[in-house]
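Below is one structure, written out as structure tokens; comments come after it.
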Amino acid sequence: EHVKMYLDFVSLYMPHIKTIIIPDFTHYISAILADRKFIGRKAGGEAFQRFWELAGDALEGIILSIDNLRDDLIVVTEYHSEYNEVSDSWEIFVPGCKMLRHSFKLDSYYDYLLYTHVEKKDDGTVSSYNFVTRKWDKYNARCAEIFKETLIPNNLQTVLDAIRKDNGI
């Protein structure tokens, strides 16, 4: 509930900070879902309403509030992904229930959306991690065409530098 206040504070009073990373949004939502107050709201309309409030608070308090920060401040939000067999693609994982997943539509709020693709050797060990920069295979990534390559090394600084260059910051 205090994330928006912290983001605003950094934006207004800490111009030396150029990047904020919000690690693991999935765990943030899971912590709220596991809170006794949230669980206790399970009777009648309260059960349904609590999910709409959670979706609204997360969208308004974090995701949408990022648009109001200073132009040179980049906020990186990290999510887990899950494979959706129906759509045959990887999607942002939103814990909870189907209603919450359908309420969020998180990927629609981001100009840059990268997925991590894991390359494995024949023996099953990992050979490399790469960011996926555009729609490819089972990934719905997008990166505003700032990379020519579909797969780039998993290096967040490279991505941040490219975003800053593309946006003139």
Side-chain angles (χ1 to χ4, degrees), residues 3 6-7 10 17-36 38-39 42 50-52 54-59 61-67 69 73-167 169:
V3 174
Y6 296 137
L7 291 171
V10 169
I17 295 177
K18 304 296 183 191
T19 306
I20 296 175
I21 298 175
I22 300 177
D24 214 336
F25 188 83
T26 306
H27 285 173
Y28 162 77
I29 296 296
S30 294
I32 293 171
L33 293 172
D35 184 82
R36 295 251 178 240
F38 189 87
I39 293 169
K42 59 184 173 190
R50 65 185 172 166
F51 287 100
W52 282 111
L54 173 57
D57 290 347
L59 287 173
I62 299 174
I63 297 166
L64 296 177
S65 70
I66 292 170
D67 289 340
L69 303 177
L73 181 61
I74 295 176
V75 179
V76 176
T77 312
E78 177 190 30
Y79 297 91
H80 288 275
S81 62
E82 67 179 336
Y83 184 71
N84 181 329
E85 291 182 15
V86 174
S87 66
D88 191 30
S89 65
W90 288 94
E91 298 176 349
I92 294 174
F93 172 68
V94 179
C97 67
K98 192 183 264 187
M99 191 207 86
L100 193 56
R101 259 177 256 136
H102 293 294
S103 301
F104 270 116
K105 304 287 186 213
L106 288 171
D107 59 341
S108 68
Y109 292 94
Y110 293 97
D111 296 327
Y112 305 96
L113 181 66
L114 303 174
Y115 282 83
T116 300
H117 176 71
V118 181
E119 288 286 335
K120 294 186 178 180
K121 298 177 188 174
D122 291 338
D123 66 1
T125 60
V126 174
S127 63
S128 68
Y129 295 92
N130 293 292
F131 283 135
V132 180
T133 65
R134 62 179 43 88
K135 189 168 179 54
W136 171 74
D137 196 27
K138 297 175 188 321
Y139 301 98
N140 290 314
R142 64 179 168 278
C143 208
E145 305 285 327
I146 61 174
F147 295 103
K148 293 178 185 172
E149 306 86 5
T150 300
L151 297 176
I152 61 170
N154 189 331
N155 182 321
L156 185 55
Q157 189 61 56
T158 300
V159 174
L160 292 170
D161 291 345
I163 291 171
R164 284 190 174 91
K165 181 179 179 186
D166 189 57
N167 287 284
I169 52 177

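In this structure, Lys138 NZ and Ser81 OG are separated by 13.5 Å, a value rounded to the nearest 0.5 Å. Here Asp111 contributes atom CG and Arg142 contributes atom CZ; the two are 7.5 Å apart, rounded to the nearest 0.5 Å. How far OH of Tyr79 is from CG of Leu113: 9.0 Å, rounded to the nearest 0.5 Å. With rounding to the nearest 0.5 Å, the separation of CD1 in Ile17 from CG in Leu73 is 8.0 Å. Residue Thr116 holds its OG1 atom at 4.5 Å from CG of Asn154, rounded to the nearest 0.5 Å. Taken to the nearest 0.5 Å, the CD atom of Glu91 stands 6.5 Å off from the CD atom of Glu82.
Annotation for Leu156 and Phe131: closest pair N-CE1, 3.9 Å, computed over non-hydrogen atoms. Closest of all the heavy-atom pairs between Ser127 and Lys121 is CB-CG, 3.7 Å. Nearest heavy atom pair, residue Asn84 against residue Val86, reads OD1-N, 2.8 Å. Contact record, Thr133 with Ala141: C-CB, 4.0 Å, taken as the closest heavy-atom pair.
The environment of OH in Tyr110 is crowded: more than 12 heavy-atom neighbours from other residues, nucleotides or ligands sit within 6.0 Å. Applying the 6.0 Å contact sphere to CG of Asp123 captures more than 12 heavy atoms from other residues, nucleotides or ligands.
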task: Might you work through the side chain to side chain contact (heavy atoms under 4.5 Å, CB included) test for Leu151 and Val132, ending with a clear yes or no?
output: CA-CA 5 Å; Leu151 297 176; Val132 180; 3.6 Å; yes

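Inter-residue side-chain proximity for Val76 and Leu160 is flagged as met; some heavy-atom pair is nearer than 4.5 Å. Looking only at side-chain heavy atoms (C-beta outward), Asp166 and Tyr112 come within less than 4.5 Å of each other. No side-chain heavy atom of Gln157 sits under 4.5 Å from any side-chain heavy atom of Thr19. Looking at heavy atoms from C-beta onward, Ile63 lies out of side-chain contact with Thr77 at the 4.5 angstrom threshold. Between Val159 and Phe147 the shortest side-chain heavy-atom distance falls below 4.5 Å.
The side chain to side chain contact (heavy atoms under 4.5 Å, CB included) test with Leu69 singles out one residue from Val10, Leu7, Ile74, and that residue is Leu7.
Under the 3.5 Å distance criterion, the side-chain polar atoms of Arg134 are left unmatched by any main-chain donor or acceptor of Tyr139.
A donor and an acceptor atom, one from each side chain of Glu119 and His117, are located under 3.5 Å apart.
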